[in-house]
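Report on the structure given below.
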Amino acid sequence: MINAEIAKIFSEMALLLEMDDVAFKPRAFEKASLSLGSLDEDVRDIYQKGGLKALEKIPDVGGGIAERIEEYVKTHRIRDYDRMKKKVPVDLGGLKSVEGVGPKTIRILWQKLKIRTLQDLEKAAAAGKLRSIPGLGAKTEENILEGIEFVKESGGRFLLGEAWPLANDIERRLAKIPGVAVAVVAGSIRRMKETIGDIDVLVVSRQPEPVMEYFVGMPEVAHVYAKGDTKTLVRLKNGLDADLRVVPKESFGAALNYFTGSKDHNVALREIAIKKGLKLNEYGLFRGKRQVAGRTEEDLYKALGLSYIEPELRENRGEIEASRAGKLPKRLVGYGDLRGDLQVQTDWTDGENSIEEMAAAAAKAGLAYICITDHTKSLAMTGGADEKKLEKQMREIDRINRTFSIQHSAFSILKGAEVNILADGSLDIADRTLAKLDCVGVAVHSHFKMSRAAMTRRIIRAMENPHADILFHPTGRLINRRPAYDVDMDAVIKVAKRTGTILEIDASPERLDLKDEYIRKCVVGRVPMVIDSDAHAANGFGALRYGIAQARRGWAERELILNTRSVVDFLKMLA
DNA sequence: GCCGTTTTCGGCCCGACTGTTTTCAGTCG
């Protein structure tokens with residue numbers, strides 16, 4: 001894929017144009033960059049098939065941008081970019097990653113001090129050279145030094161599974177402050193994005209001061225960036241930023257909508273407002289000075305001619321058009337909808353708790369059935385089960401089931417395994433043993449670095465085994481740590497449809513695999529999925545919420561998620 | 001430079017906070 005390379009150049013061109021105070025073009029290049037970044041098809045293929053005309057069909061790509069894409073496809077260069085870059089030959093991405101440093105600052109740093117890199121900037125700031133530049137001062141210099149320190153120590157985004165519990169705890173504490181009518185987490189956490197850049201919290205209160213005072217004084221706070229009457233920004237000791245806004249209650253809906261984002265979704269809503277002769281901001285929807293909507297999110301969407309859009313869908317990926325046309329999913333899978341969990345590890349292999357302890361914890365979490373899926377023998381480091389150990393575990397599960405469902409009304413423990421897919425696509429457990437299990441999960445755990453064609457062949461062969469029921473964590477990615485293995489997911493989804501193999505949405509926060517874009521493809525192709533916790537300990541079932549969230553972000557309806565069904569219906573589907 | 005439920009020309013999201021200012025630019029979300 002060449003798209004990401006061009007997208008990066010366009011986003012740099014946006015910055016370079018902004019440095020020169022060019023009007024409107026920066027936004028055009030930025031939008032084109034985002035559009036290319038989210039494109040499935042390689043622009044080389046698009047250009048090959050349809051030339052410039054086809055390129056112009058890409059959203060936010062017009063004549064000028066299409067020609068530049070053509071130039072890059074042909075020559076691997078964009079002369080405009082080279083020319084601009086020659087004027088300011090600096091590491092734009094690196095410098096811009098420092099809080100408070102934008103295009104204008106980058107330009108003057110280059111012109112006055114010949115600063116190209118983060119290292120240059122750090123040296124100059126430490127030497128006290130920045131304060132001599134007009135427009136900058138001692139305070140800015142100090143802020144830049146702190147910003148560089150932060151970039152060096154943290155860098156990446158946090159997992160949803162790390163940020164969500166903390167954000168909800170802060171929400172609970174803010175809600176208890178006298179005068180606070182509502183406290184609610186907004187931002188990317190409310191949209192349940194897989195990674196989180198900061199925590200946004202919205203509070204309704206007529207007295208902001210005590211709320212702001214409490215917020216900057218929380219034990220988690222390491223630094224206060226800004227503190228005002230309506231907005232306060234802090235950095236937490238764990239490296240996350242947290243952003244608090246206080247609004248009056250008549251603005252609650254508009255503010256919640258605005259602070260939930262995404263930015264692209266908000267911009268699109270504001271453009272709709274403008275076309276209707278209205279103005280939308282975080283205080284409401286206005287005709288002139290009169291507020292016409294915005295007390296609730298529901299009245300806001302209605303006033304814009306849209307049906308309500310769930311937060312997980314607000315990414316400007318077609319949800320606004322679908323809302324207007326009444327084509328949003330009728331019944332998204334909900335946070336209380338799961339009745340079973342088909343991937344659970346125990347102390348028979350690398351889990352921490354016994355079969356009974358896991359079952360009891362699942363029952364307490366509101367589930368009616370789980371499938372025990374310990375690792376198999378070729379995963380030696382986990383003490384993976386061979387045929388004999390599996391047979392023994394099956395007898396043990398039978399024994400537990402006889403008494404357990406009496407103590408925990410009608411709870412079922414299913415017999416399963418997480419069977420390893422070998423390099424050639426065969427499974428490491430004999431078919432006659434697999435045939436005795438209630439539900440067989442298959443998964444790749446080794447030989448990640450195969451070619452795309454070989455990996456795709458390997459996984460498809462495993463799916464074609466008649467005993468294979470579910471493909472666990474289909475792409476093998478670990479968020480922020482390991483990329484997915486190179487596999488043709490379009491082909492895998494097509495095969496799933498043919499063989500009836502269920503694709504898993506693994507809910508553990510570092511996996512979330514399938515991710516939303518593949519879930520969306522399954523939804524379009526009507527390929528059934530399950531959401532599993534992949535729990536390795538009794539406290540692991542809370543992770544299901546992140547899997548459900550990912551499914552919602554992929555527009556998955558309840559009926560397509562098979563473990564929303566009873567154990568009887570689920571087993572009937574498998575058969 | 002892009003786009004079209006006003007439009008092929010004339011628009012392009014909007015407000016808060018900080019720092020360096022003497023009235024506002026830059027940055028952020």
Side-chain angles (χ1 to χ4, degrees), chain A residues 10 13-15 17-19 21-35 55-69 80 95-109 130-144 146-147 186-188 191 197-202 208 212 224-234 241-247 251 254-255 257-286 294 304-305 316 321 324-325:
Chain A
F10 285 164
M13 287 178 81
L15 280 176
L17 288 163
E18 221 169 310
M19 285 181 192
D21 261 329
V22 177
F24 305 113
K25 290 188 191 181
R27 180 76 183 131
F29 275 92
E30 197 184 310
K31 285 171 86 166
S33 171
L34 284 172
S35 178
L55 290 176
E56 286 183 42
K57 292 230 168 66
I58 301 169
D60 299 315
V61 172
I65 300 257
E67 278 176 22
R68 290 182 173 88
I69 295 174
D80 256 358
L95 294 173
K96 212 185 118 47
S97 68
V98 179
E99 175 84 18
V101 174
K104 299 289 163 63
T105 309
I106 292 174
R107 181 168 81 154
I108 199 155
L109 287 171
L130 302 191
R131 63 186 71 189
S132 64
I133 296 177
L136 305 185
K139 183 74 189 169
T140 304
E141 193 171 81
E142 196 182 306
N143 287 343
I144 285 177
E146 276 186 36
S188 52
R191 302 202 314 281
D198 63 3
I199 295 177
D200 295 293
V201 190
L202 179 68
M212 297 310 190
V224 178
Y225 294 110
K227 177 164 170 278
D229 288 339
T230 66
K231 170 175 168 173
T232 289
L233 228 108
V234 301
D241 286 348
D243 186 353
L244 173 65
R245 314 279 187 132
V246 179
V247 297
S251 299
N257 184 258
Y258 174 62
F259 299 132
T260 297
S262 66
K263 192 170 190 278
D264 285 344
H265 180 87
N266 289 341
V267 169
L269 291 185
R270 287 181 179 188
E271 284 168 357
I272 292 173
I274 290 168
K275 283 184 187 135
K276 290 182 180 292
L278 304 168
K279 184 176 78 164
L280 175 61
N281 59 28
E282 55 262 56
Y283 298 107
L285 184 66
F286 296 91
L304 291 173
N316 200 22
E321 294 77 1
R324 186 185 286 127

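Owing to the predicted nature of the structure, the values given are computational and were not obtained by experimental measurement. Below, chains carry the letters A, B, ... as their sequence lines are ordered, and counting in each starts from 1.
Counting any heavy atom pair closer than 4.0 Å across all strands shown, Val246(A) reaches no nucleic acid atom. Nucleic acid contact class of Lys104(A) (heavy atoms, under 4.0 Å, all strands): sugar-phosphate only. Gly63(A) comes within 4.0 angstrom of sugar-phosphate atoms only, judged by non-hydrogen atoms across all strands, and of no base. At the heavy-atom level, Pro103(A) lies under 4.0 Å from the strands shown only through sugar-phosphate atoms. Asn266(A) comes within contact range of no nucleotide atom at all, as no heavy-atom separation falls under 4.0 Å. Among the protein residues, Leu269(A) comes within range of no part of the nucleic acid, since none of its heavy atoms lies under 4.0 Å from any strand. Lys276(A) comes within 4.0 angstrom of nothing in the nucleic acid, heavy atoms only.
Candidate nucleotides dC12(B), dG29(B), dG1(B) were compared by shortest atom distance to the side chain of Glu271(A), and dC12(B) ranks first. Which of dG15(B), dA16(B), dG19(B) sits closest to the side chain of Thr230(A) comes down to dA16(B). Listed nucleotides dA16(B), dG29(B), dC13(B) differ in distance to Asp243(A); the shortest reach to its side chain belongs to dG29(B). Counting only heavy atoms from C-beta on, Val267(A) has its side chain closest to dC13(B) among dC13(B), dT7(B), dG29(B). Which of dC2(B), dT6(B), dC13(B) sits closest to the side chain of Lys263(A) comes down to dC13(B). When the nucleotides dG15(B), dC3(B), dC28(B) are ranked by their closest atom to the side chain of Asp60(A), dC3(B) comes out on top. Closest approach to the Lys139(A) side chain among dC2(B), dG19(B), dC13(B) is made by dG19(B) (side chain taken as heavy atoms from C-beta onward).
Looking at Asp243(A), its side chain never comes within 3.5 Å of a backbone N or O of Asp200(A) through a donor-acceptor pair. With hydrogens and angles ignored, the 3.5 Å screen pairs no side-chain donor or acceptor of Arg324(A) with any backbone N or O of Gly305(A). No donor-acceptor distance shorter than 3.5 angstrom exists from the side chain of Ser33(A) to the backbone of Phe10(A), with no hydrogens or angles considered. A donor-acceptor pair under 3.5 Å is formed between the side chain of Glu141(A) and the backbone N or O of Arg131(A).
Contact annotation: Lys231(A) does not reach the phosphate of dA16(B) (side-chain N/O to OP1 or OP2, under 4.0 Å). For the pair Asn143(A) and dG19(B), the criterion of a side-chain N or O lying under 4.0 Å from OP1 or OP2 is met. Phosphate proximity of dG29(B) to Tyr225(A): absent, as no side-chain N or O sits under 4.0 Å from OP1 or OP2. The shortest distance between the side-chain N/O atoms of Arg68(A) and the OP1/OP2 oxygens of dG1(B) is below 4.0 Å. One finds a side-chain N or O of Thr105(A) lying less than 4.0 angstrom from the OP1 or OP2 phosphate oxygen of dT27(B). The side chain of Lys96(A) contributes an N or O atom lying less than 4.0 Å from OP1 or OP2 of dC28(B).
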### Task
Any chance you could lay out the salt bridge (Lys or Arg N to Asp or Glu O under 4.0 Å) test for Glu30(A) and Arg27(A), step after step, and finish with the verdict?
CA-CA 5 Å; Glu30(A) 197 184 310; Arg27(A) 180 76 183 131; 3.3 Å; yes
### Message
Checking Leu280(A) against Leu269(A) for the side chain to side chain contact (heavy atoms under 4.5 Å, CB included) test, could you report, in this order, the C-alpha distance in whole Å, the side-chain angles of both residues, the deciding distance, and whether it holds?
### Response
CA-CA 8 Å; Leu280(A) 175 61; Leu269(A) 291 185; 3.9 Å; yes
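Every residue meeting the salt bridge (charged side-chain N to carboxylate O under 4.0 Å, His left out) condition with Lys227(A), not counting sequence neighbours, appears here in chain and number order: Glu213(A).
Atom NZ of Lys275(A) and atom P of dT7(B) are 12 Å apart (whole Å). Atom NZ of Lys31(A) and atom P of dG11(B) are 17 Å apart (whole Å). Across the protein-nucleic acid pair, Asp200(A) atom CG and dG29(B) atom C1' stand 8 Å apart, rounded to whole Å. With rounding to whole Å, Leu244(A) atom CG is found 15 Å from dA16(B) atom P.
On a pure distance criterion of 3.5 Å, a polar donor-acceptor pair joins the side chain of Tyr258(A) and the base of dG29(B).
A residue-by-residue look at Leu280(A) and Gly62(A) shows that Gly62(A) has its nearest nucleotide of DNA chain B further toward the 5' end. Along DNA chain B, the nucleotide closest to Ala138(A) and the one closest to Lys279(A) are compared, and the more 5′ of them pairs with Lys279(A).
For dT8(B), there is no paired base (Watson-Crick or G-U wobble, both distances below 3.5 Å).
An aromatic stacking contact links Phe24(A) with the base of dC12(B), defined here by ring centres under 5.5 Å apart and ring planes under 30° from parallel.
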